[in-house]
Amino acid sequence: MDSWYLLFCKSRQEARAQVNLQNQGIEAFFPQLQKQQLIKGRRTFKQSAVFPSYLFVRLNPHTGNFAAVKNTCGISSFVSYGASYQLVPEQLIKELKNLELAQDSNNLPQPGDLVCLNNGSFKDVQAIFKESDGDMRSILLVNLLNKQIEMSVDNRELKRVS
């Protein structure tokens, strides 16, 4: 039965280490989150490490090639306590992978999704997401006076209705 182990990587080389391990046929996991930033008025997304300088690797405790992993480019060492390497529970890895997947689908609503506005004059008004309108705005269908109108709003003023 394979187990997950915690590795310490060289500074900012987690992605490099992951690729090198995968090239050797070793399963590695480097959890990342997508951060939203405004640069010169444009919304951009940047991937950043959940645990900077750390990487998870799956190996068989009896037949795994620990020496090859330790000597992989980008890896500093295994995290260990005494003489034994730090094991990571399988459930933790599953939860981190699920969070990563959930985040990928949460950036903007999809066409047809119900959203709620949270700006001043339209606070708590529900609308239907129609499409993205550039990097920072979206077009919504709002029902006002029994008539559906299109309205362009800032993406920060939207929240998805569950």
Side-chain angles (χ1 to χ4, degrees), residues 1-118 129-140 153-162:
M1 179 75 182
D2 291 349
S3 300
W4 286 95
Y5 294 91
L6 183 60
L7 296 172
F8 185 71
C9 299
K10 294 177 182 170
S11 182
R12 295 188 182 124
Q13 293 192 25
E14 304 94 344
R16 177 184 184 195
Q18 182 181 23
V19 169
N20 289 332
L21 288 167
Q22 289 171 341
N23 288 341
Q24 296 175 53
I26 298 170
E27 185 178 356
F29 177 55
F30 167 50
Q32 299 181 63
L33 287 177
Q34 198 171 52
K35 288 185 179 179
Q36 180 178 330
Q37 295 178 322
L38 284 176
I39 299 174
K40 296 182 181 179
R42 304 194 109 221
R43 182 177 57 149
T44 60
F45 292 98
K46 179 183 175 190
Q47 294 287 101
S48 64
V50 175
F51 307 111
S53 297
Y54 289 94
L55 182 76
F56 302 101
V57 65
R58 184 181 209 143
L59 294 169
N60 186 307
H62 306 292
T63 61
N65 193 348
F66 288 83
V69 171
K70 194 173 182 180
N71 293 318
T72 299
C73 289
I75 302 291
S76 283
S77 64
F78 279 90
V79 174
S80 61
Y81 291 102
S84 59
Y85 296 141
Q86 177 62 48
L87 290 170
V88 179
E90 179 83 28
Q91 186 60 34
L92 176 63
I93 300 296
K94 285 181 184 174
E95 288 176 17
L96 288 170
K97 286 183 177 183
N98 287 340
L99 281 173
E100 211 172 48
L101 288 173
Q103 184 205 5
D104 287 343
S105 62
N106 280 341
N107 292 335
L108 275 179
Q110 297 299 312
D113 285 353
L114 192 60
V115 295
C116 189
L117 293 164
N118 58 11
F129 184 84
K130 182 178 179 188
E131 61 188 6
S132 179
D133 184 22
D135 289 335
M136 299 184 63
R137 300 187 68 78
S138 295
I139 297 175
L140 305 179
V153 298
D154 191 314
N155 288 337
R156 292 174 294 186
E157 297 174 353
L158 297 177
K159 68 177 181 181
R160 190 177 276 152
V161 176
S162 301

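We number each residue from 1, following the sequence as shown.
- Residue pairs satisfying the side-chain hydrogen bond (donor to acceptor under 3.5 Å, both in side chains) criterion with at least one member in residues 69-84, sequence neighbours excluded, are listed as follows: Q24-T72.
- A donor-acceptor pair under 3.5 Å links the side-chain atoms of E14 to the main chain of S53, judged by distance alone.
- Here the closest non-hydrogen pair linking D113 and R160 is OD2-NE, 3.7 Å.
- In terms of heavy atoms, N60 sits closest to F66 at O-CE1, 3.7 Å.
- Rounding to the nearest 0.5 angstrom, the gap separating the CD atom in Q13 from the CD atom in Q18 is 13.5 Å.
- In plain terms, the two heavy atoms of F29 and L55 that are nearest each other are O-CD1, 3.5 Å.
- Counting only heavy atoms from C-beta outward, the side chains of V57 and I75 never approach each other to under 4.5 Å.
- Residues C9 and A17 share a closest heavy-atom pair of SG-CB, 4.2 Å.
- Separating the NZ atom in K10 from the CZ atom in R16 is a distance of 7.0 Å, to the nearest 0.5 Å.
- Taking the salt bridge (charged side-chain N to carboxylate O under 4.0 Å, His left out) definition, one finds that E131 meets it with nothing, sequence neighbours left out.
- Counting only heavy atoms from C-beta outward, the side chains of L21 and L7 approach each other to under 4.5 Å.
- Residues V79 and Y54 are in side-chain contact: their nearest non-hydrogen atoms beyond the backbone lie under 4.5 Å apart.
- Residues F56 and F30 place their aromatic rings such that the two centres sit no closer than 6.0 Å.
- The shortest side-chain heavy-atom distance between F129 and L140 falls under the 4.5 Å cut-off.
- Between D2 and P61 the shortest heavy-atom distance is CA-CD, 4.4 Å.
- The side-chain heavy atoms of F78 and L59, taken from C-beta on, include a pair separated by under 4.5 Å.
- Atom CG of L96 and atom CD of Q91 lie 10.0 Å apart (nearest 0.5 Å).
- Counting heavy atoms from C-beta on, the side chains of Y85 and V69 never come closer than 4.5 Å.
- Screening residues 74-90 for salt bridge (Lys or Arg N to Asp or Glu O under 4.0 Å), with sequence neighbours left out, gives R58-E90.
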